[in-house]
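This report concerns only the one structure given below.
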Protein chains: 2
Amino acid sequence: MTPSSASVAHASNNDFYADNEKLYVATDCIVFGFDEGDLKLLIFKRRVEPDSGIWSLIGSFVQLDEDVNDAARRVLKEITGLDEIFLEQSKTYGKADRDPGYRCLSVAHYALIRIDDYDKELVESHGAYWYTLKDLPKLALDHDQMVADALSKLRRKARQQPIGFELLPEKFTIPQLQQLYEAIYQRELDPRNFRKKVLSLKVLVKLEEKDKSGSKRGAFLYRFDAEKYQELLESGYNFEI
Amino acid sequence: MTPSSASVAHASNNDFYADNEKLYVATDCIVFGFDEGDLKLLIFKRRVEPDSGIWSLIGSFVQLDEDVNDAARRVLKEITGLDEIFLEQSKTYGKADRDPGYRCLSVAHYALIRIDDYDKELVESHGAYWYTLKDLPKLALDHDQMVADALSKLRRKARQQPIGFELLPEKFTIPQLQQLYEAIYQRELDPRNFRKKVLSLKVLVKLEEKDKSGSKRGAFLYRFDAEKYQELLESGYNFEI
DNA sequence: CAAAAAAACGTATTTTGTACGTTTAAAGGT
DNA sequence: ACCTTTAAACGTACAAAATACGTTTTTTTG
């Protein structure tokens with residue numbers, strides 16, 4: 001019954017939890033999407049008591065036989081219908097009083113999804129909606145902090161690798177890519193320098209098609225070269241837009 | 001009895017743990033120090049059965065009424081006698097099978113300590129020792145991975161802020177500072193460019209004393225200017241040595 | 001007192017980032 | 001048909017930063 005592994009049974013003070021005590025572990029997902037030039041977040045509103053009407057991140061308990069990151073993937077699949085998306089651990093929130101009434105810690109994960117891929121009906125059936133970051137309502141518990149932390153991780157991540165591709169549709173224009181980075185960094189970028197920089201990475205493949213939704217003239221569509229992108233990652237290059 | 005908060009009781013699949021099931025939460029600390037030109041790690045060897053002789057990181061269970069990061073601080077205080085040291089969450093390890101026999105997840109933290117500050121007797125009384133990173137023995141469970149991850153976090157952190165100061169004694173020479181960065185990055189740096197760069201930050205205060213332990217000529221000692229260091233952090237400057 | 005070694009200072013070159021001008025393609029009004 | 005407008009696409013000049021490497025200084029030791 002008593003754990004025996006070296007990982008925990010070593011410090012002098014290794015109390016185990018009493019039989020009637022329990023510590024819950026949950027995971028919450030900060031789901032980012034990009035649409036109409038804005039970074040969006042998938043949040044959901046409880047429709048039944050208790051806490052009906054309160055907005056929060058999507059999440060779930062970690063089951064006893066389940067890896068923590070699998071729990072996050074399960075939540076994402078349940079709500080968006082999507083599999084195999086970018087998902088990374090953000091941070092663990094472990095304040096003893098973070099959830100009133102009982103002890104529960106949450107391992108937050110952030111996900112990036114292509115906003116045109118997800119299962120719209122499934123999302124709505126769960127009471128989940130996309131919110132622009134700026135218009136975000138107050139969220140439950142420490143979820144506001146989770147969002148702030150995930151956003152700052154996303155920003156750092158975006159500097160290290162061309163993460164934008166996870167958030168854009170397969171074909172995209174350079175101005176669209178720029179809009180995404182502007183949304184992530186929350187500042188304007190020079191379109192001429194942005195184009196120069198992004199093309200210098202040699203990970204974009206120019207297509208023959210144009211996208212005319214953004215301007216009269218239209219802009220050429222690009223897709224990214226998965227192979228060269230991989231090389232770039234492995235070289236340890238810093239994207240630094 | 002059943003948790004009612006919005007944070008967890010929302011997904012369709014919110015199983016709670018059965019009465020006889022329990023999920024343990026521990027914290028493990030990756031404690032870095034710097035001595036004799038090398039990065040060192042504080043690890044400890046169990047001296048009683050079971051698992052006697054196995055090396056592992058220092059750690060402990062998180063108590064039911066205790067913040068997770070407080071648990072890490074408690075462990076550090078217990079083993080090193082040190083308070084108020086640099087401590088940051090690294091990553092949470094949550095594979096269902098990471099610890100054989102029972103379900104336990106671990107929230108890893110990494111700490112940076114001035115190796116001449118710690119309580120030597122206390123450390124030894126706990127069976128803990130400093131090991132150079134390269135000579136590290138095989139550690140228990142997934143602790144090798146924890147060390148690798150923490151090291152990579154330390155590297156990234158070192159690029160963002162002059163973290164070296166946490167690891168050096170109050171007075172140090174520029175060549176010592178360089179040695180530290182060489183140990184962190186695992187590559188050689190040009191001493192002339194290193195000096196130029198580090199002095200350009202204007203956070204070092206030159207003292208009148210010299211340290212003669214490293215060379216015949218001796219090198220001037222410096223301390224860092226806490227105020228200017230703080231300004232530098234707040235300006236969002238990237239250290240980038 | 002010369003040789004050795006590392007500290008301390010300096011300069012040249014290359015690379016990268018930043019600022020901003022010009023040309024081009026297509027749409028829409030007159 | 002042609003002029004205007006708009007954003008895309010391309011290009012150039014300058015500033016800042018990183019890198020490479022030469023020189024001088026200080027001290028110890030043979």
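Here the structure is a predicted model, which is why all the values come from computation and not from measurement. So that the names make sense, note that chain A is the first sequence line, chain B the second, and so on, each numbered from 1.
Taking only distance into account, the side chain of A:Lys197 never meets the base of C:dT18 through a donor-acceptor pair shorter than 3.5 Å. One N or O donor and one acceptor, one from the side chain of A:Lys216 and one from the base of D:dT5, sit under 3.5 Å apart. Taking only distance into account, the side chain of A:Lys196 meets the base of D:dT12 through a donor-acceptor pair shorter than 3.5 Å. B:Arg192 contributes a side-chain N or O that forms a donor-acceptor pair with the base of D:dG22 under 3.5 Å. Contact of B:Lys212 with D:dT28 (side chain to base): no donor-acceptor pair of N or O atoms is detected under 3.5 Å. Judged by distance alone, with hydrogens and angles left aside, A:Arg217 brings no side-chain donor or acceptor close enough to the base of C:dA26 to form a pair under 3.5 Å.
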Residues 178-187 of chain B side chain polar contacts: donor-acceptor under 3.5 Å, at least two apart:
from	atom 1	to	atom 2	distance (Å)
B:Gln178	NE2	B:Glu182	OE2	3.1
B:Gln178	NE2	B:Leu189	O	2.8
B:Tyr181	OH	B:Gly164	N	3.4
B:Glu182	OE2	B:Leu189	N	2.8

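Separating the CD atom of B:Glu188 from the P atom of D:dC21 is a distance of 14 Å, rounded to the nearest angstrom. Put simply, CD on A:Glu209 is 15 Å from P on C:dA26, counting in whole angstrom units. Atom CZ in A:Arg195 sits roughly 17 Å away from atom C1' in D:dT12 (whole-Å rounding). Rounded to an integer number of Å, the gap from B:Arg187 CZ to D:dA18 C1' is 11 Å. Between the CG atom of B:Leu199 and the C1' atom of D:dA17 there is a distance of 17 Å, rounded to whole Å. Following rounding to the nearest Å, B:Gln176 (CD) and C:dA6 (P) show an atom-to-atom distance of 15 Å. When rounded to the nearest whole Å, the span between CG of A:Asp211 and P of D:dA9 equals 10 Å. As rounded to whole Å, 19 Å separates atom P of C:dG10 from atom CZ of B:Phe194.
B:Lys210 has a side-chain polar atom (N or O) that falls below the 4.0 Å cut-off from OP1 or OP2 of D:dT27.
Nearest to the side chain of A:Asn193, among D:dA9, C:dC20, C:dA8, sits C:dC20. Of the candidate nucleotides C:dA8, C:dA4, C:dG21, C:dA8 has the atom nearest to the side chain of B:Pro175.
Summary of the strand contacts: B:Tyr222 and A:Ser215 both lie near DNA chain C, and taking for each the nucleotide with the nearest heavy atom, the more 5' one is attributed to B:Tyr222.
Applying the side chain to side chain contact (heavy atoms under 4.5 Å, CB included) rule to A:Leu122 yields the partners A:Asp119, A:Ser125, A:His126; only residues at least two apart in sequence or on another chain are considered.
A side chain to side chain contact (heavy atoms under 4.5 Å, CB included) with A:Phe34 holds for exactly one of A:Ile113, A:Leu168, A:Asp116; it is A:Leu168.
Ring pair A:Phe224/A:Phe172: centre-to-centre distance not below 6.0 Å.
Counting only heavy atoms from C-beta outward, the side chains of A:Phe44 and A:Ser56 approach each other to under 4.5 Å.
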